[in-house]
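Since the structure comes first, as structure tokens, the remarks are kept for the end.
Not measured: the values here are computed from a predicted model. Quick note: numbers below take in every heavy atom, side chains included, and nothing from hydrogens, waters or symmetry partners.
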Amino acid sequence: MMNVFRIDVGGPSREFFFKLSRLLFNPHYGLFQYSNSNTYTIEISPFASQIEDSLQWFKFAGRVIGFAIIQGYLLDVFFAPHVYKALLNRPFSMNDIEAIDVSFYNSLVYLQENDPEDLQLTFSVEEETPEKVVEVKLKKGGSKIPVTKKNKKEYVELMVNWRLSRGVQKQMEALIASLRELIPLKYLSPFDARELEWVIAGTPEINLDDWKANTVYCGGYSAQHKVITWFWKAVEYYSNEQQLRLLQFVTGTSSIPFGGFKVLGGGHCFTIQMLRGNPDMLPIAHTCFCRLDLPCYNSPEDLRAKLTLAIEECEDFALN
């Protein structure tokens, strides 16, 4: 790995928070888990309570989210839809269940469409905890209240709330309380769940036309310069993952903010500046200014090789 020394006027901080979030919200550490086997969205793990000082960790997570929103830093985390709703104090819905547990969703749909009395259900459910299986009453006296045609709507609503909060109430409350200390709910309430996701994490889907349209050239480069033409051809050749690596190399984050490239980097446009001198040099990134110093390479092959080496190998940063 190559060590790149930088003066921090924003870029390394963005990159620090992005990489911190990649570790903090990583399901392999036990605080969070993948919401289902088919997506990379996450939710709080019901077994997080087994981790030492777990509530302190969730308070820390809330502060990281809040500080990142305030500073305009993007985090490397995509929550399941119901987590954003919890942060916004919005009610859960059947669609939130469908997003994480299709079989459970189908069972509730069946219940809605059929007579539940033959199933002999009550307003209680068994819940697995780290120590044992316990009975949870969905409402007062729930174990003695049968589910009928008349009350099944209420039962389904209570089951939705239980499924999405089982075993994680204290952890979610700690995270939300810590977030509220930095950002009161009234400042987040204008957003819906999807918009809050964009604010926190941006989007990993790159619109190349938007990227080109909001790129500034300086130091002798222009949109028509042959090296710039080679550059964009190289970017077009890249996979989406490589494009995101390039974005992180130059800006410190590999997501696109709400509003697209025109609001990238806290007001700094993606900039390509001519780097004069030895054409064998690697490109140099200034994440504080979202600027790429690009040498005048002798061929498109040289450019792509050097650019690829830079984005694949220059991972670590330090402050100078």
Side-chain angles (χ1 to χ4, degrees), residues 1-15 18-19 72-74 76 198 201-317 320:
M1 292 293 183
M2 301 178 184
N3 291 305
V4 182
F5 290 88
R6 308 171 185 177
I7 298 173
D8 183 15
V9 292
S13 293
R14 282 197 302 272
E15 187 172 358
F18 194 79
K19 292 189 173 182
Y73 300 154
L74 295 178
D76 189 15
W198 287 336
T203 173
E205 299 300 324
I206 288 180
N207 183 324
L208 199 55
D209 291 334
D210 182 42
W211 194 349
K212 290 180 181 179
N214 290 284
T215 295
V216 174
Y217 307 100
C218 59
Y221 279 145
S222 68
Q224 292 74 38
H225 195 285
K226 66 178 182 179
V227 173
I228 298 301
T229 301
W230 296 344
F231 171 82
W232 288 118
K233 285 184 177 179
V235 176
E236 290 173 4
Y237 175 84
Y238 283 160
S239 65
N240 189 75
E241 180 182 355
Q242 288 175 306
Q243 290 176 354
L244 292 175
R245 282 181 174 271
L246 170 61
L247 189 64
Q248 181 168 5
F249 176 66
V250 180
T251 70
T253 180
S254 60
S255 288
I256 315 303
F258 185 60
F261 280 90
K262 65 182 178 182
V263 295
L264 184 71
H268 296 290
C269 292
F270 188 91
T271 302
I272 304 177
Q273 176 171 285
M274 183 180 292
L275 180 60
R276 302 182 185 277
N278 188 348
D280 291 328
M281 293 177 62
L282 292 177
I284 298 174
H286 303 271
T287 58
C288 301
F289 309 107
C290 298
R291 192 181 84 212
L292 178 69
D293 289 354
L294 188 67
C296 283
Y297 294 111
N298 295 319
S299 71
E301 292 78 16
D302 284 347
L303 184 148
R304 195 167 79 187
K306 294 293 195 302
L307 184 63
T308 302
L309 179 61
I311 66 175
E312 296 289 346
E313 298 298 329
C314 295
E315 289 277 350
D316 299 330
F317 68 87
N320 187 5

May I ask you to test the Tyr73-Ser13 pair for a side-chain heavy-atom distance under 4.5 Å? yes
Can you name the closest pair of heavy atoms from Cys296 and Val227 and give their distance? CA-CG2, 4.2 Å
Yes or no on side-chain contact (heavy atoms from CB on, under 4.5 Å) for Asp293 and His286, after CA distance, side-chain angles and deciding distance? CA-CA 8 Å; Asp293 289 354; His286 303 271; 2.7 Å; yes
Let me confirm one number: the NE2-CH2 distance from His225 to Trp230, rounded to the nearest 0.5 Å. 8.5 Å
Just verifying a value: how many Å separate Cys290 SG and Leu247 CG, rounded to the nearest 0.5 Å? 8.0 Å
Locate the shortest heavy-atom distance separating Gln248 from Phe18; write the atom from each residue and the value. NE2-CD2, 3.8 Å
Taking all non-hydrogen atoms of both residues into account, name the closest pair between Ile228 and Ala223 and its distance. CG2-O, 4.0 Å
Heavy-atom pair of closest approach, residues Tyr221 and Tyr217: O-CB, 3.4 Å
Quick check against the 3.5 Å criterion: does Gln242 have a side-chain atom that pairs as donor or acceptor with the backbone of Ser239? yes
Would you compute the distance between atom CG of Asp302 and atom OH of Tyr297 and round it to the nearest 0.5 angstrom? 8.5 Å
A side-chain contact here means heavy atoms from C-beta on lying under 4.5 Å apart; do Thr271 and Val250 qualify? no
Shortest non-hydrogen pair, Val216 vs Cys269, comes out as CG2-CB, 3.8 Å
Are Leu292 and Phe249 close enough that some pair of their side-chain heavy atoms sits under 4.5 Å apart? yes
Under a 4.0 Å N-O cut-off, is there an ion pair linking Lys212 with Asp210? no
Residues forming a side chain to side chain donor-acceptor pair (under 3.5 Å) with Asn207, sequence neighbours excluded: none
On a heavy-atom basis, which atom in Thr253 and which in Thr251 lie closest, and how many Å separate them? O-OG1, 3.0 Å
When you measure from the side chain of Tyr237 to the backbone of Trp232, do you find a donor-acceptor pair of N or O atoms at a distance under 3.5 Å? no
Rounded to the nearest 0.5 Å, what separates atom OG1 in Thr308 from atom CG in Leu246? 9.0 Å
Is there side-chain contact between Gln243 and Asn240, with heavy atoms separated by less than 4.5 Å? yes
Count the heavy atoms of every other residue, nucleotide or ligand shown that sit under 6.0 Å from CD of Glu241, and state whether that count exceeds 12. no
Answer with yes or no after comparing the ring centroid distance for Phe270 and Trp211 against a 6.0 Å cut-off, counting only values under it. yes
Note, Leu244 side chain near Tyr238 side chain (heavy atom, < 4.5 Å): no
In residues 273-284, what donor-acceptor pairs under 3.5 Å come from side-chain atoms, sequence neighbours left out?
from   : atom 1 : to     : atom 2 : distance (Å)
Arg276 : NH2    : Gly219 : O      : 2.9
Asn278 : OD1    : Asp280 : N      : 2.8

Side-chain heavy-atom pair Leu74, Ile256 within 4.5 angstrom cut-off: no
